[in-house]
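As structure tokens, the structure follows; a few thoughts come after it.
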Amino acid sequence: MATETIPPIMNSQKTGGAKMILRRKVVRERTGLSDSAIYRLEQVGQFPSRRKLTAGGRVVGWDAAEVEEWCKTRSAVQLPPKDISKIGSGKPGPGRPRK
């Protein structure tokens with residue numbers, strides 16, 4: 001299996017003053033976080049906010065400089081707890097053993 005190298009983040013001087021936007025896959029690779037972890041951290045203000053790249057908002061990206069700064073300044077990030085009230089009914093399903 002070939003290992004992909006992640007290109008370095010360009011600063012705004014190298015891109016002629018334009019901000020570089022990172023798409024979801026690159027943000028996951030750089031941070032090591034899952035989509036749901038990124039979302040939870042965004043909701044509590046502990047991760048840079050996403051930017052809508054299309055009118056419908058289906059395509060999003062993050063400012064590369066903000067993500068790079070977040071990576072540099074974070075130590076161990078405490079993820080907000082999941083809201084377990086929304087996770088299933090607790091009833092055994094296929095493949096789940098009964099208690």
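Every value quoted in this text rests on a predicted model; they were computed, and no experiment measured them.
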### Query
Linking Ile, Leu, Val, Met, Phe, Trp and Tyr by side-chain heavy atoms under 4.5 Å, what else ends up with Val59?
Ile21, Leu53
### Rounded distance (nearest 0.5 Å) linking atom CG of Leu33 with atom SG of Cys71
8.0 Å
### Task
Could I get the full list of side-chain contact (heavy atoms from CB on, under 4.5 Å) partners for Glu66, not counting sequence neighbours?
Pro48, Arg51, Asp63
### Query
Can you check whether Arg74 reaches Phe47 side chain to side chain, under 4.5 Å on heavy atoms?
no
### Task
Would you please name every residue forming a salt bridge (charged side-chain N to carboxylate O under 4.0 Å, His left out) with Glu69, sequence neighbours left out?
none
### Query
Would Arg24 and Trp62 count as a side chain to side chain contact (heavy atoms under 4.5 Å, CB included) if you check the C-alpha gap in whole Å, the side-chain angles of each, and the deciding distance to 0.1 Å?
CA-CA 8 Å; Arg24 184 183 312 274; Trp62 288 261; 4.1 Å; yes
### Summary
salt bridge (charged side-chain N to carboxylate O under 4.0 Å, His left out) filter on Arg28, not counting sequence neighbours, yields Asp35
### Task
Measure across Arg23 and Val60 and return the closest heavy-atom pair with its distance rounded to 0.1 Å.
NE-O, 3.4 Å
### Query
How about Val26 and Arg30: do any of their side-chain heavy atoms sit closer than 4.5 Å?
yes
#### Entry: Gap between atom NZ of Lys52 and atom OG1 of Thr54 - 0.5 Å precision
9.0 Å
### Query
Ser34: what forms a side-chain hydrogen bond (donor to acceptor under 3.5 Å, both in side chains) with it, not counting sequence neighbours?
Ser36
